[in-house]
Structures are given as structure tokens and as C-alpha cells.
There are 2 protein chains.
Amino acid sequence: MAELHEVSDVSGSERVYRHLRREIIEGRYGPGERIVESRVASSLAMSRTPVREAVRRLETEGLIISTHNRGAQVRPLTESDVADLYEARARLEGFMSELAAQRAEPDDVAAIHDAADEFDRVVEEVDHGSVEGLRAILRANDRFHAALVRAGRADQVFRILATAVDMPLVFTAFKLYSHDELRRSSMFHRLIAEAVETRQPERAGRLMTEHVLQGRDAHMRRFREPEVEPASA
Amino acid sequence: MAELHEVSDVSGSERVYRHLRREIIEGRYGPGERIVESRVASSLAMSRTPVREAVRRLETEGLIISTHNRGAQVRPLTESDVADLYEARARLEGFMSELAAQRAEPDDVAAIHDAADEFDRVVEEVDHGSVEGLRAILRANDRFHAALVRAGRADQVFRILATAVDMPLVFTAFKLYSHDELRRSSMFHRLIAEAVETRQPERAGRLMTEHVLQGRDAHMRRFREPEVEPASA
DNA sequence: GAACGCAAAATTGGCTCCAATTCAGCAGGT
DNA sequence: ACCTGCTGAATTGGAGCCAATTTTGCGTTC
């Protein structure tokens, strides 16, 4: 019998992978910082084998760079690396949106609208200045993009896109977003959903491209001003 | 698209990785075929450890798919998977060409022209009906694209692109190209090089996009007409 | 005769040990 | 004082072993 949800995939290697990835993305491993297999292994009470698999995986995903006999370290990204990555993502995700507008079934359209609604709800209800709040927002955002991808029926392209999405986050070290930026994102989500529903691929693609580039600008802006002001809420 | 550097990295895991990838891309492992670690290990006279690392790596690159406790198999791709992948590649590589046209230094331009010349030479001189000939052509083609990428100064995007390039090859099972198609490719290379040299990003991008889509069409055409083999075991 | 269930074989996931390589600190020579 | 070379510690890459899970084949039952 096939499980519908892969929730039970708690293999050791998978656990280490998720742990390390989160640690890196949320900035607890700084860029360039070395990752010692034995330390990670003992900190999670496992042997080195699953750790090595996770490290290799992160390496081919690009989050980590490792040299022969010399270990692994968090890949340091330059500002222009990140900007380029965002633009690549914009093109890929624009393409995905075109596909979605061409191929979406009624169920898909409903799922996309649901996800857009959910994102909006989360943005309004959650404290986006806290780490847990930010996590919830990112989750809702992922859900929207996942719904779109599913509608586009292009899983292979999505796999590629995933690494383009994750990598810049290393650089961000889990920065926060302003309420305005989030509401703008929500608006774009709605417009994209609308374009998909009315089967206008070109517009869906253009909106998504613009949405991602807005994200890039916000991201780079935040990078230039190291200070964060969660004064509200 | 392989990495051209790292010549001295002959670690066992790397050897297995290259071996397996070639076996898959050249079709000696059929789509969906199971990959048994112990068999690969003994066939290369090594332990399972490096084999496992290679398998994991190929898995995250998307060439193979593996399920918990149930092993790995060559990822089966549908015709539409391949078409989508090509289109994604077209957008990404179009972007790369734009970057190249914006950022290329004189050395880069020279390298791109050299690679285009070399490709042309190989296409004319080599027997493109043989497996070795095809390998030589693919190598020259890689060289052109690598030169372009280097000029664009966007290594991270290139890393992503690589998986979009390799994956469809699994499906091809190492098909052959007609002389006409190859000469058309060569022409596009030259036009792209020209656009880069004269700093016309938009045209460079458009040409590259078209070039890749031509490749897609040739690829899909070949897929539909089951090919005649060049009489070799 | 087909479906079910059980047991043996095959295979994977993980652990531990070992050799090879790199890194760090210290001593000695200039 | 500074550079060089050496030795010991830390770390990685690989091998072999074992437990857990899946697969396969056969016999039993309805």
C-alpha cells in the first residue's frame, strides 16, 4: 500500500539533511564556516555515515562546498551571486507559471486560490517579526508555489527550481520581511492565481517574474542595511 | 554538462560517480532499471561506501530516483518531461547568454570564438555517426557553453543549468545527430559569439533560446522515429 | 486454481574500525 | 625574530560487518 504522505520518511540521513539545511539557511552556520562530520554526528547522536550522505547531498545542491580530504564548508555567496540566482529563478518560475496557466485543471485552480488565501491569512495573523512567524510565512509561501508547480505538471523543472530558491537563503541568514512587502507578495499571488484561472499564460508568467524580482530587490535592500527594526507588533 | 576542471580529483567516489553517470546517459542502464549497490561495487572492485555516495549524488541531481529501503533506479522521464526540461534550459541558457554579452572581457570573447571554431572543426572532421565521434562533439559543445558561462560570471546559475542539461540525456539514450543539425548548431554558436562580442545581450539571449529549442525539436523528432543503430555491438 | 501467508534470500541503512591525508604546534637552524 | 621541517592530533575516505526491511519463492488453504 502506498502512503499518501511521506511524513514517515524519518530515515537518519534525511533527518540530518533537514537539520543541516535548516541550520545553514537560518544562519547558524555562517558562510564559509567549516562543517565537521564527527561533530555533527555526535551532536545528533548518530554515526558519521548518514551525516556524510547529508553533506554530499547539500554539496550537490550547492549549499555546501567541499574539497577532497579537506572537508566541507558553507558556500560563501557574493552579492552578485545572489542577484543572479534570483534572476534565474524569476525566469524559471515565470515559465512554471505559464505552464500552470496552460495546464491547470479545476482542482489545481482551487488549490492555488486556497494557497493564496492561506498566505494572506498567515501574513495578517502571524507575527512576522518572530522566527516562528517567519517560518510560518515561508511555509505558506512554499505552499503557493508548490500548488502552482503541481498545476504546471512539470515536476522535473520544479526540482531544478528548488535549488535556485534555496541557495540565496544561505546568504540572507534568515532575514525578516516588512509587512508592506508581504502584502505586496500576497497581491501578486492573487493576480497570478487570477491569470492562471483565466488561462492567460503570458500574463501569469510576467506577473511571477515581476513578483520574484520584487523579492530580489527586497532581499538585496535588506542585505545592504544590516539593521532590522521589528518595532511594530 | 560536465565540469571541465578538477582533473586531479580521482577519489573513488568521484570515479564511481562518473562511471555511473556515463552508463546512464549512454543508455547502458535503461530507464527504470534498478541499480544495486553491491553489484556496482564489485564490478568496480571497491566497497559499497563510495558507490552509495555516488548514487546519492546522482539522486539529488535527478538522474536516478530512490526510495527508502527499496533502492535506486534510473529515473524514467516522459516525453513531456523532456520537452519541459528543454524549455527550462532554453530560458536559463538564454539568460546566461545575456549575462555573457553584458560582462564578457576580451579574453572571454576570444575563448568563445575559439570554442565555436573548435566545434565547427570537430563537426566537419569527425565521424558523427560513431559513439566516439558523438562524444567528441558533445565535448566541443560543452566547451562552447562553458566558455559562455565563464564569460557571464554566474557560476551558481551554471550549476543549476547543468542538471537541466544532463537530465534529458538519460532519455535520449545517446542518440545521434544529423550533419545538417550539427551545422545549424555551429551557425548558432557563431551568431551567439558575434552578439556577445558586439555586446547585444537581448539578441544573444534570443539566439541561444532559439538554439536550444532547435535542439529540443531535433531531440523529440529523434525520439518519435526509433533510430537505426550504426551497426555496432 | 487462485489467493494468502510464511520463510529464506537479497538488499539497504547504519555503525565501527582503519589507513591516508591534512592541519597545528613546536623545535631547531639561520 | 623568522622561516623550515618534523611530529602528533584531527579529520576525511574507504572497507567490512550487522541489523532491519523488502523481495522472492514455495507451500498451504479455501
Side-chain angles (χ1 to χ4, degrees), chain A residues 1-21 23-24 29-76, chain B residues 3 5-21 23-24 28-76:
Chain A
M1 293 306 140
E3 264 73 33
L4 302 182
H5 315 288
E6 266 90 346
V7 187
S8 56
D9 193 338
V10 281
S11 76
S13 159
E14 183 72 18
R15 282 211 333 270
V16 186
Y17 165 73
R18 292 185 192 170
H19 169 80
L20 272 182
R21 203 175 64 134
E23 293 285 294
I24 292 172
Y29 279 99
E33 184 168 341
R34 213 174 147 192
I35 294 174
V36 179
E37 294 170 2
S38 46
R39 287 196 211 299
V40 178
S42 62
S43 93
L44 294 180
M46 346 180 72
S47 98
R48 269 177 52 216
T49 310
V51 176
R52 278 172 65 178
E53 298 202 351
V55 168
R56 290 286 179 271
R57 198 165 152 191
L58 291 165
E59 182 192 354
T60 79
E61 283 182 5
L63 266 60
I64 281 178
I65 188 169
S66 83
T67 29
H68 188 62
N69 273 324
R70 219 166 298 161
Q73 58 183 57
V74 177
R75 183 187 291 269
Chain B
E3 49 280 284
H5 11 283
E6 328 284 320
V7 185
S8 57
D9 194 335
V10 281
S11 75
S13 159
E14 182 71 18
R15 281 209 335 269
V16 186
Y17 165 74
R18 292 186 192 171
H19 169 80
L20 272 183
R21 202 175 63 134
E23 294 285 295
I24 293 172
R28 279 184 288 279
Y29 279 99
E33 184 167 342
R34 213 173 148 192
I35 294 174
V36 179
E37 293 170 3
S38 46
R39 287 195 212 300
V40 178
S42 63
S43 93
L44 294 181
M46 352 178 68
S47 100
R48 270 179 53 218
T49 310
V51 176
R52 280 173 63 180
E53 298 203 351
V55 168
R56 291 286 179 270
R57 195 165 153 192
L58 291 164
E59 183 192 353
T60 78
E61 283 182 4
L63 265 59
I64 70 187
I65 187 171
S66 83
T67 31
H68 187 63
N69 273 326
R70 219 166 297 163
Q73 59 184 55
V74 178
R75 184 187 290 270

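Each chain gets a letter, A, B and so on, in the order the sequences are listed, and its residues count up from 1. These figures come from a predicted structure and were not determined experimentally.
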Would you check if there is a donor-acceptor pair between the side chains of B/Thr60 and A/Glu61 at a distance under 3.5 Å?
no

Would a distance-only check, ignoring hydrogens and angles, find a side-chain to backbone donor-acceptor pair under 3.5 Å from B/Arg75 to B/Gly62?
yes

Among A/Val16, A/Leu20, A/Val74, A/Ile35, whose side chain to side chain contact (heavy atoms under 4.5 Å, CB included) with A/Leu58 holds?
A/Leu20

Could you check A/Leu44 against A/His19 for side chain to side chain contact (heavy atoms under 4.5 Å, CB included), going step by step and ending with a plain yes or no?
CA-CA 9 Å; A/Leu44 294 180; A/His19 169 80; 3.8 Å; yes

Could you spell out the base pairing of DNA chain C as a dot-bracket line? Use Watson-Crick and G-U wobble contacts where both distances are under 3.5 Å, [ ] for crossing pairs, | for partners on a different strand.
||||||||||||||||||||||||||||||

Please walk me through it: do B/Ile65 and B/Gln73 pass side chain to side chain contact (heavy atoms under 4.5 Å, CB included)?
CA-CA 6 Å; B/Ile65 187 171; B/Gln73 59 184 55; 3.6 Å; yes

Counting only heavy atoms not in B/Arg28 (residues, nucleotides, ligands), do more than 12 fall under 6.0 Å from its CZ?
yes

Does B/Arg57 pair with B/Glu14 as a salt bridge, N-O distance under 4.0 Å?
yes

For A/Gly30, does its backbone N or O pair with a side-chain atom of A/Glu33 as donor and acceptor, under 3.5 Å?
yes

Chain B footprint on DNA chain D, 5' to 3' - any atom under 4.0 Å from a heavy atom
D/dG14 to D/dT23

Base, backbone or nothing for each nucleotide of nucleotides 13-22 of chain C, written B, S, -, heavy atoms under 4.0 angstrom, 5' to 3'?
BBBB----SS

Closest heavy-atom pair and its distance - B/Ala41, B/Ser47:
CB-O, 3.7 Å

Least distance between heavy atoms, B/Leu63 atom then B/Arg21 atom:
CD2-CG, 3.6 Å

